[in-house]
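Both ligands and their constituent atoms are indexed starting at 1 by order of listing.
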Amino acid sequence: MPKTVLVTGGAGFLGSHLCDRLLEQGCEVLCLDNFFTGRKRNVSRHLGNLDFELIRHDITAPFFLEKVDQIYNLACPASPVHYQWNPVHTTKSSVLGAINMLGLAKRIGASILQASTSEVYGDPEIHPQPESYKGAVNPIGIRACYDEGKRCAETLFFDYHREHKLTVKVVRIFNTYGPRMQPDDGRVVSNFILQALRGEEITIYGEGLQTRSFCYVDDLVDGLIRTMETADNFTGPVNLGNPAEFTIRELAEKVVELTGSKSPIVHRPLPADDPKQRCPDISLARQELSWEPATRLEEGLKKTIEYFRKNHDG
Ligand code: NAD
Ligand code: UDP
C-alpha cells in the first residue's frame with residue numbers, strides 16, 4: 001500500500017529533497033510550508049502530479065488533516081541569519097509547531113519524525129558528540145531561540161511517546177549542504193561558493209579554526225527515510241551527519257580550489273556563541289539504520305558548485 005506522508009517545511013532545502021525521494025518511492029506527499037525560507041520553485045516540478053499537494057500553512061497554528069501515515073516535521077528556519085531574524089517566531093515554530101504536529105499525529109495515528117539538530121549540543125565539551133551527551137547551550141544567547149526551541153521539541157516528542165504511546169523518531173541533523181540551499185541564508189557552504197563564483201572576498205569568521213562536519217543532502221535524506229522506517233520501538237535520538245571533520249579554513253581553501261576562483265580569503269569577527277567544534281558520533285546510526293554517508297566532501301561540493309553556477313552565479 002503506498003503511504004500518505006506529510007512533510008512540514010517541505011518547500012525548504014532538505015524538505016524539497018525529501019519530497020522528491022518520497023514521490024520516487026510511490027508515496028502520496030502533502031508538502032506544507034509557510035514559505036518563510038522555502039520556495040515554491042523548489043517543488044514546482046511536482047505541481048501537476050496528482051500524488052503531490054502543496055499547502056500554505058504556518059505550523060504555529062493547528063492543522064487538521066485525515067489519513068496520513070507518516071509526518072516528517074522539518075518546518076523551522078535553519079540558518080543563523082534566518083532563525084535570528086524573528087527569534088520569537090523561531091521558538092514558536094519549534095515548540096508550538098511540535099505541539100500541533102504531535103496532536104495531529106496522535107489524533108490520526110501517524111508516526112512522526114522530528115528534524116532536531118546538532119545545535120542541541122550547543123558549544124560541545126565532548127568530541128565527537130554521541131547522543132548521550134547532554135549539551136552546553138547558552139539559554140539566553142542569540143542562538144538559543146533555535147537551540148532551546150529544538151530541545152523543547154525533543155522533550156515534547158518523548159513525552160507524547162511516554163504519555164500517549166505515539167510512534168516518534170528524533171534525528172539530530174548535523175550541517176548539511178547541497179543544491180537548493182538558499183543563496184541568502186548566510187550558511188558557510190553557500191556563502192563560500194557564491195563568493196568564489198562571483199570573485200568576491202571569502203569571509204572566514206574568526207581564525208577559521210572552528211570545525212564542522214558536512215553531510216551531502218542525498219545522504220541525509222536517505223538517513224531520514226531509514227529512521228522513519230525503523231521498528232516502532234526505535235525512537236532515537238539518532239545523530240545524522242558526516243563524521244569527516246574540516247576546519248572552516250580548509251573548507252574555504254577547498255571551495256577556492258574546486259571553483260578555480262581568484263577570490264581572496266579575508267577574516268571577519270566571529271559571531272557570538274559560535275560553536276568551536278562539531279562532529280557527529282554516528283555509531284548508533286550505523287548500528288540501527290545500517291546508515292553512513294557515502295558522499296565525500298569534494299564530490300558533494302562539486303555538485304553544489306554546479307548547481308550554484310547554473311542558478312545563482314551573480
Ligand atoms: P530551510 O530553511 O530550507 O527549510 C525550512 C522550511 O520550513 C522552509 O521551507 C520554511 O519556509 C519552512 N518553515 C519555517 N517555519 C515554518 C512554520 N512556522 N510553518 C511552516 N513552515 C515553516 O532549512 P533546512 O536546512 O531545509 O532545514 C530543515 C529542517 O532540518 C529544519 O527543521 C532544521 O532545523 C533541520 N536541520 C537542518 C540542518 C541543515 O544543515 N540543513 C541541520 C540541522 C537541522
Ligand atoms: N562561517 C564563516 N563564514 C561565513 C559563514 C559562516 O566563517 O561566511 C562560519 C560560522 O562562523 C561557523 C561555520 O562557518 O563557524 C558554520 O556556519 P553556518 O552558519 O553554516 O552553520 P552553524 O554555525 O549553524 O554550524
Heavy-atom proximity to atom 19 (N) of ligand 1, best of Ile59, Asn86, Asn42: Ile59

How far apart are the closest heavy atoms of Glu131 and Asn239, and which atoms are they? OE2-N, 2.7 Å

Would you check if the side chain of Gln182 reaches a backbone N or O of Thr37 as a donor-acceptor pair within less than 3.5 Å? yes

Considering Tyr177, Tyr146, Phe174 one by one, which has a heavy atom nearer to atom 35 (C) of ligand 1 than any of the others? Tyr146

Once you round to the nearest 0.5 Å, how far does CD1 of Ile173 lie from OG of Ser116? 8.0 Å

Can you find an N/O atom of Phe36 closer than 3.5 Å to an N/O atom of ligand 1? yes

Write down the atom of His267, the atom of Glu207, and the distance for their closest heavy-atom approach. CE1-O, 3.5 Å

How many angstroms lie between CZ in Arg187 and OG1 in Thr176, if you round to the nearest 0.5 Å? 8.5 Å

Give the residue, atom name and distance (to 0.1 Å) of the protein heavy atom nearest atom 38 (C) of ligand 1. Ile173 CG2, 3.9 Å

Which residue from Arg187, Met181, Arg180, Arg212 reaches closest to atom 25 (O) of ligand 1 through any of its heavy atoms? Arg187

Are Arg39 and ligand 1 in contact, using a heavy-atom cut-off of under 4.0 Å? no

Please state which part of Ser118 comes within less than 4.0 Å of ligand 1, counting heavy atoms only: side chain, backbone, both or neither. neither

To which of Val188, Thr117, Asp274 does the heavy atom nearest atom 10 (C) of ligand 2 belong? Asp274

Which one of Tyr83, Phe174, Tyr177, Tyr205 has a non-hydrogen atom at the shortest distance from atom 1 (N) of ligand 2? Tyr205

To the nearest 0.5 Å, how far apart are NZ in Lys254 and CZ in Phe246? 6.5 Å

Have a look at Ile55, Leu220, Asp58, Thr37 and point out the one with the heavy atom closest to atom 1 (P) of ligand 1. Thr37

Strictly under 4.0 Å, does any heavy atom of Lys150 approach an atom of ligand 1? yes

Arg143 heavy atoms, cut-off 4.0 Å: which ligand 2 atoms fall inside? 22 (P), 23 (O), 24 (O)

Run the side chain to side chain donor-acceptor pair (under 3.5 Å) check on Asn73 and Gln114 step by step: do they pass? CA-CA 5 Å; Asn73 189 36; Gln114 168 67 359; 2.8 Å; yes

Can you list the steps and then say if Arg249 with Glu253 is a salt bridge (charged side-chain N to carboxylate O under 4.0 Å, His left out)? CA-CA 6 Å; Arg249 169 160 285 280; Glu253 287 165 356; 3.3 Å; yes

Could you tell me if any non-hydrogen atom of Arg172 lies under 4.0 Å from any atom of ligand 1? no

I'd like to know if Asn175 contacts ligand 1, where contact means a heavy-atom distance under 4.0 Å to any ligand atom. yes

Mode of Glu201 contact toward ligand 2 - side chain, backbone, both, neither (heavy atoms, under 4.0 Å): neither

Counting heavy atoms only, name the option from Gly149, Ala153, Ser116, Ala115 that's nearest to atom 44 (C) of ligand 1. Ser116

Looking at ligand 1, does any of its N/O atoms fall within less than 3.5 Å of an N/O of Gly38? yes

Is the closest heavy atom of His89 to ligand 1 under 4.0 Å? yes

So for Arg278 against ligand 2, with non-hydrogen atoms under 4.0 Å, the contacting part is side chain

Is the shortest N/O to N/O distance between Asn73 and ligand 1 below 3.5 Å? no

Please identify which atoms of ligand 2 are closer than 4.0 Å to at least one heavy atom of Ile204. 7 (O)

Under a 3.5 Å threshold, yes or no: a donor from one side chain and an acceptor from the other, between His17 and Asn42? no

